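Working notes for the structure below.
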Protein chains: 2
Amino acid sequence: MTKEVSSQDIEAAEALFRDFLRDRGLKYTPERRMLLLEVLNTPQHFEAEQLLIAMRQSGKRVAKATIYRTLPLLAECGIIKQVQFEDNLARYEPILGQAPHDHMVCGQCRRIIEFDSSEVATLRDEIAARHRFVAAGHRFQIIGLCSACSEAEGKERPDATQVQGEELSYEL
Amino acid sequence: MTKEVSSQDIEAAEALFRDFLRDRGLKYTPERRMLLLEVLNTPQHFEAEQLLIAMRQSGKRVAKATIYRTLPLLAECGIIKQVQFEDNLARYEPILGQAPHDHMVCGQCRRIIEFDSSEVATLRDEIAARHRFVAAGHRFQIIGLCSACSEAEGKERPDATQVQGEELSYEL
DNA sequence: ATCCGTGCAAAGTCTTTGCAAATTA
DNA sequence: TAATTTGCAAAGACTTTGCACGGAT
């Protein structure tokens, strides 16, 4: 279930990032490139720490400070996006070729299910318009119980394998 | 523009909190009572620090640790609710007699506008059902520009007074 | 050559925790 | 009386920052 990233996507991302940096008088350093590649390889949400560990395992060494300094840049140029869950922790997710989506979080097993956000965006724009507000984006999250947990109601936590359907789901 | 809290509301809240505590073998201490009252008096969002300062000004002294320990209790019994904005800071808002609402945040002036969340809840339930997910709640936020800021586009930050309409709005 | 970036460690924020003394039920 | 709370300070988790050296244009 690993998200595939084509070499085309990688090139596009690199071009995007490089141009973004150049336009601001910033440099495309090996560290930034390594981070970009690592991020593109990350199937889902991640936080600074996880990225650091993953990189160490592939022998790519960067200081944590560099990660903290680079993530905002990647977010600003639209390669990744910050997402918030209950724990107030800075998480990010790659969004480059991804269709806009929001998340459903199971309060029991912490499983996260993504769903297309177009309807939400439509409603968002309607509501915003009513208040003479110009919507640029939104943050939406449904909290509840996934099918497995609502069926198990009261029983022990079902293990992840028994519920993997065709749905894109993963854990916090 | 201060939200009025009737003595009835206060009594109801106290009863709620007291019962909640009793049911769990916890005690209704003067500190918890002071915090409850202070929270009910807070018109909008607040964070631990603000609460502490507000209380000091009214001569009510409690340790910050007590605040951090009490807020989750008030949230658990439905008197307040945690809300998240961009900065990953623990904010809360009183929700006792309030109609469910979500927020619109102006990325320019940080003004926050509340809006009824019933439509969002409806859409949420539809989406959840499609994924065999049982929705218990949601977190929704529209990010964009408020009317004042979108008109001022590119100019300096409009000051809060010039845009106070009938809308409930306040700042982060 | 100049300005930017990295690493490292120190400093910051916000939040949680350990403990002894003080309270509540 | 027995168990919970509080206040205080120390500890924690996560993030930011200062600085000297190294690297990019």
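Keep in mind it's a predicted model, so treat the numbers as computed, not measured.
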Under 4.0 Å protein heavy-atom contact, by nucleotide of nucleotides 5-16 of chain C - B base, S sugar-phosphate only: SBBB-----SBB
Worked check of side chain to side chain contact (heavy atoms under 4.5 Å, CB included) between A/L71 and A/F46: CA-CA 11 Å; A/L71 257 14; A/F46 60 87; 4.2 Å; yes
Exam field: side chain B/S117 to backbone B/P100, donor-acceptor pair closer than 3.5 Å: yes
Expected output: side-chain A/R110 to main-chain A/G107 donor-acceptor under 3.5 Å: yes
For B/Q141, side-chain hydrogen bond (donor to acceptor under 3.5 Å, both in side chains) partners two or more places apart: none
Integer-rounded Å distance: D/dT16 P and B/D87 CG: 12 Å
B/R130 with A/E119: basic N within carboxylate O range, under 4.0 Å: yes
Length of the line joining A/I67:CD1 and D/dT17:C1', which is rounded to integer Å: 17 Å
Separation of C/dT24 C1' from B/R18 CZ (nearest whole Å): 14 Å
Whole angstrom value for the distance that separates C1' of D/dG7 from CG of B/L52: 12 Å
Atom-to-atom span, CD1 of A/I53 to P of D/dC14 - whole angstrom: 11 Å
Test side-chain hydrogen bond (donor to acceptor under 3.5 Å, both in side chains) applied to A/R24 - qualifying residues, sequence neighbours left out: A/E76
Non-neighbouring partners of A/N88 that pass side-chain hydrogen bond (donor to acceptor under 3.5 Å, both in side chains), sequence neighbours left out: B/Q84
Interatomic distance, B/Y28 OH vs D/dT6 P [rounded to whole Å]: 12 Å
Listed partners of B/R61 passing side-chain hydrogen bond (donor to acceptor under 3.5 Å, both in side chains), at least two apart: none
Watson-Crick or G-U pairs under 3.5 Å in DNA chain D, rendered as dot-bracket with [ ] for crossing pairs and | for another strand: |||||||||||||||||||||||||
